[in-house]
Amino acid sequence: MKKAVSAIKGTKDILPQEIRLWQRLEGECKHVFELYGYREIRTPVFEATELFEKGTGITSDVVIKEMYTFTDKGGRSLTLRPEYTPSVVRAIIENRLYLQPEPLRFYFIGPMFRYDKPQKGRFRQFHQVDIEVFDEKEPAVDAEIVEMADFLLKRLGVKDIKILVNSVGCRKCRPSYLKVLREKASGAKDVLCPDCLRKLESNPLRIFDCKIEACREAARSFPKITDFLCAECGEHFSRFCGYLDAFGLTYTIEPKLVRGLDYYTKTTFEIVSRRLGAQDAVLGGGRYDDMMKEFGGPDICGIGFAMGVERIISLLSAVEEPRKMLFAAFLGQAALSKGMELVRELRRQGIECLLEYKERSLKNQLSRANKLGAAWVLIIGENEIKKGVYGIKRMSDGVQMEGDLKGILAFIGQPL
RNA sequence: GUGAGUGUAGCUCAAUUGGUUAGAGCACUGGACUGUGGAUCCAGAGGUUGGGGGUUCGAAACCCCUCACUCACCCCA
């Protein structure tokens with residue numbers, strides 16, 4: 001098939017057939033988030049490249065190899081946002097939102113861009129639903145966020161999910177853990193695969209993820225981060241888990257849940273579904289207590305999560321809702337003019353109407369109306385115009401009558 | 001970035017393994033039925049077999065290059 005122009009690799013069109021699902025998801029998100037006191041915020045799709053280098057982290061994979069970065073005509077280095085958190089933090093500082101009495105709870109829905117190789121559940125332009133809370137140190141809010149995510153997913157009808165939680169410690173306790181882990185893993189150098197030997201340097205926590213049995217076996221004896229948390233982080237984590245218990249949520253403590261963004265401190269969590277394939281996270285997030293300060297803002301902590309819209313959508317099944325639409329069929333030019341007039345009035349009465357301007361047989365138009373799932377067909381022909389009435393047919397049972405505009409409206413008012 | 005798999009009509013797939021004019025179902029258009037839908041039957045339209053090159057008397061099939069998609073690694077939503 002010859003294609004003049006096609007969508008860019010890793011991007012796709014969301015077609016009308018699918019869009020109902022998107023609208024439902026967006027509606028549910030807004031509804032739930034507002035129930036929890038969040039308000040929508042929207043920031044630009046591109047930002048100074050520096051924002052992500054500082055925020056997402058210069059050592060993260062996202063920044064190193066996945067950013068859509070370009071130079072604009074003024075010579076500035078700009079980047080299409082690969083994630084949302086740095087933008088929100090920037091907006092808060094820039095607009096001094098922390099000086100307002102309103103709670104610092106924000107949500108956002110929009111596209112993100114990462115130069116990844118596409119695969120199942122992974123795209124170059126994808127969409128995230130994102131929430132962030134600032135200035136709440138208490139582990140209670142960590143638990144509230146997880147509970148909200150769980151509530152949202154239940155409302156959406158997402159099944160077979162698992163909640164994973166962890167603490168990655170803070171800048172005080174994490175380095176000492178990593179040191180011990182590296183030492184321990186170095187002792188097992190002869191059994192680890194080449195991949196893991198590389199991870200030993202770059203990201204030793206990833207060794208826990210290896211699929212090779214020898215590596216898994218060795219990793220079982222490695223220390224867990226949850227055993228190395230400092231007093232503050234340890235208490236935060238146990239209270240967080242306590243609140244989750246109080247909510248009656250089932251969750252798994254997953255000490256190898258590290259997440260790829262540099263900024264996380266203390267709590268991290270993910271909600272996964274095995275139905276998604278290799279990219280199994282529907283939602284992931286955590287606490288980032290230092291980002292605001294590092295951007296030169298006030299010392300305000302933050303916590304949030306991002307949910308992958310395409311991934312959620314793939315777990316939902318489309319529900320075909322019946323379309324309460326009227327199809328206007330006409331025969332001849334005089335009838336067309338009359339039809340345009342009638343349809344205009346019906347639309348003002350709040351009735352979805354479709355009038356197609358092709359001259360076709362009545363049979364053809366009825367057939368078409370049937371295919372489109374129209375609830376009624378309005379029939380306008382010479383006979384009707386002479387009599388000053390119009391035919392209206394209910395497609396579900398074929399019942400048909402004649403009437404003027406008032407009669408038609410009354411007929412439409414009857415149950416289908 | 002690395003690796004594997006797949007590209008045939010709008011969609012799902014055939015083509016006896018290299019053989020003549022690339023087929024079918026669904027969908028589409030028209031007709032049977034002149035102004036009354038769904039069922040049935042008939043007909044029509046729709047293809048540079050992803051693209052380019054090569055091997056061959058002959059390529060959708062084999063080889064090379066390229067592009068796209070899919071899946072996995074890495075990483076993440």
Side-chain angles (χ1 to χ4, degrees), chain A residues 1-12 15 17 56 59-66 81-85 109-130 149 193-196 198-199 202-203 205-206 209-212 257-261 268 270-273 276-285 304-315 327 329-332 335 358 360-385 391-400:
Chain A
M1 187 59 167
K2 191 175 180 178
K3 278 180 196 163
V5 187
S6 56
I8 300 302
K9 183 201 270 276
T11 72
K12 62 173 183 175
L15 302 174
Q17 208 183 357
T56 309
T59 61
S60 68
D61 274 34
V62 169
V63 170
I64 293 169
K65 50 185 197 188
E66 295 173 6
R81 61 182 175 215
E83 62 143 349
Y84 202 58
T85 309
I109 302 174
M112 301 290 161
F113 307 86
R114 289 185 199 172
Y115 194 86
D116 246 344
K117 190 150 172 178
Q119 67 185 68
K120 189 181 175 72
R122 201 168 69 183
F123 310 96
R124 289 186 171 178
Q125 175 177 325
F126 62 102
H127 296 75
Q128 285 188 339
V129 169
D130 196 278
C193 71
D195 247 10
C196 285
R198 190 171 44 76
K199 291 177 194 167
S202 60
N203 196 346
L205 283 155
R206 288 277 163 202
D209 282 335
C210 190
K211 293 181 170 96
I212 294 161
L257 177 65
V258 301
R259 314 206 33 83
L261 308 175
T268 58
E270 248 178 42
I271 296 184
V272 297
S273 167
L276 286 174
Q279 316 302 323
D280 65 353
V282 294
L283 176 159
F305 69 69
M307 187 169 94
V309 178
E310 283 82 356
R311 290 185 187 176
I312 297 277
I313 294 279
S314 75
L315 296 174
F327 187 95
F330 68 95
L331 295 156
K358 302 181 185 83
R360 288 192 281 213
S361 68
L362 181 59
K363 173 190 159 63
N364 191 307
Q365 295 187 73
L366 274 161
S367 167
R368 179 135 178 87
N370 185 54
K371 244 164 240 156
L372 299 180
W376 311 276
V377 174
L378 179 65
I379 299 166
I380 314 144
E382 285 168 22
N383 302 344
E384 282 80 3
I385 293 178
I392 179 84
K393 177 168 186 159
R394 183 163 55 221
M395 297 299 275
S396 58
D397 56 8
V399 170
Q400 184 172 341

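Chain identifiers are assigned alphabetically (A, B, ...) following the order of the sequence lines, protein sequences preceding nucleic acid strands; residue numbering begins at 1 within each chain.
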Looking only at N and O atoms, is any donor in the side chain of [X] or the base of [N] less than 3.5 Å from an acceptor on the other one?
| X | N | result |
| --- | --- | --- |
| A/Gln279 | B/rC75 | yes |
| A/Arg122 | B/rC74 | yes |
| A/Lys117 | B/rU2 | yes |

Answer with base, sugar-phosphate or nothing: what part of the nucleic acid does [X] contact at a heavy-atom distance below 4.0 Å?
| X | value |
| --- | --- |
| A/Ala369 | nothing |
| A/Val282 | sugar-phosphate |
| A/Gly121 | base |
| A/Phe305 | nothing |
| A/Gly332 | nothing |

Taking [X] for the side chain and [Y] for the main chain, is one N or O donor matched with an acceptor at less than 3.5 Å?
| X | Y | value |
| --- | --- | --- |
| A/Arg311 | A/Ala281 | yes |
| A/Glu382 | A/Leu331 | no |
| A/Arg81 | A/Phe113 | no |
| A/Gln279 | A/Lys120 | no |
| A/Arg394 | A/Val399 | no |
| A/Glu310 | A/His127 | yes |

Give the rounded distance in Å between these two atoms: [atom1] of [X] and [atom2] of [N].
| X | N | atom1 | atom2 | value |
| --- | --- | --- | --- | --- |
| A/Lys9 | B/rC71 | NZ | P | 12 Å |
| A/Leu372 | B/rG38 | CG | P | 14 Å |
| A/Asp116 | B/rU70 | CG | C1' | 16 Å |
| A/His127 | B/rA77 | NE2 | C1' | 12 Å |

In whole Å, measure the gap between the [atom1] atoms of [N] and [M] for me.
| N | M | atom1 | answer |
| --- | --- | --- | --- |
| B/rC28 | B/rA15 | P | 27 Å |
| B/rC74 | B/rC11 | P | 34 Å |
| B/rU55 | B/rC64 | C1' | 11 Å |
| B/rA43 | B/rG53 | P | 39 Å |
| B/rG3 | B/rA77 | C1' | 24 Å |
| B/rG19 | B/rA39 | C1' | 42 Å |
| B/rC73 | B/rC65 | C1' | 25 Å |
| B/rG18 | B/rG7 | P | 15 Å |

Q. How about A/Leu366 and A/Lys393: do any of their side-chain heavy atoms sit closer than 4.5 Å?
A. yes

(Q) Using the rule salt bridge (Lys or Arg N to Asp or Glu O under 4.0 Å), only one of A/Lys9, A/Arg122, A/Arg124 pairs with A/Asp116; which is it? (A) A/Arg122

Q. Paired stems touching RNA chain B, three or more consecutive Watson-Crick or G-U pairs with both distances under 3.5 Å?
A. B:1-7 with B:67-73, B:10-13 with B:23-26, B:28-32 with B:40-44, B:50-54 with B:62-66

Q: Kindly determine whether A/Glu384 and A/Ile379 satisfy side-chain contact (heavy atoms from CB on, under 4.5 Å), including the steps that lead there.
A: CA-CA 8 Å; A/Glu384 282 80 3; A/Ile379 299 166; 4.1 Å; yes

Can you tell which of [options] lies closest to the side chain of [X]?
| X | options | answer |
| --- | --- | --- |
| A/Gln119 | B/rA77, B/rG37, B/rC73 | B/rC73 |
| A/Lys120 | B/rA77, B/rC71, B/rC74 | B/rC71 |
| A/Gln128 | B/rC74, B/rA77, B/rG37 | B/rA77 |

**Q.** First of A/Ala7 and A/Leu276 reached from the 5' end of RNA chain B, by closest nucleotide
**A.** A/Ala7

Q | Upstream residue (5' side of RNA chain B) when A/Asp397 and A/Glu270 are each assigned their closest nucleotide | A | A/Asp397

Q) What string of B, S and - do you get for nucleotides 27-36 of chain B 5' to 3' if you count protein non-hydrogen atoms under 4.0 Å? A) -SSS--B-BB

**Q.** Over 12 foreign heavy atoms within 6.0 Å of CG, A/Leu15
**A.** yes

Q: Report the glycosidic orientation of B/rU70: syn if within 90° of 0, anti in every other case.
A: anti

Q: Starting at CG of A/Asn364, measure out to NZ of A/Lys358 and round the result to the nearest 0.5 Å.
A: 10.0 Å

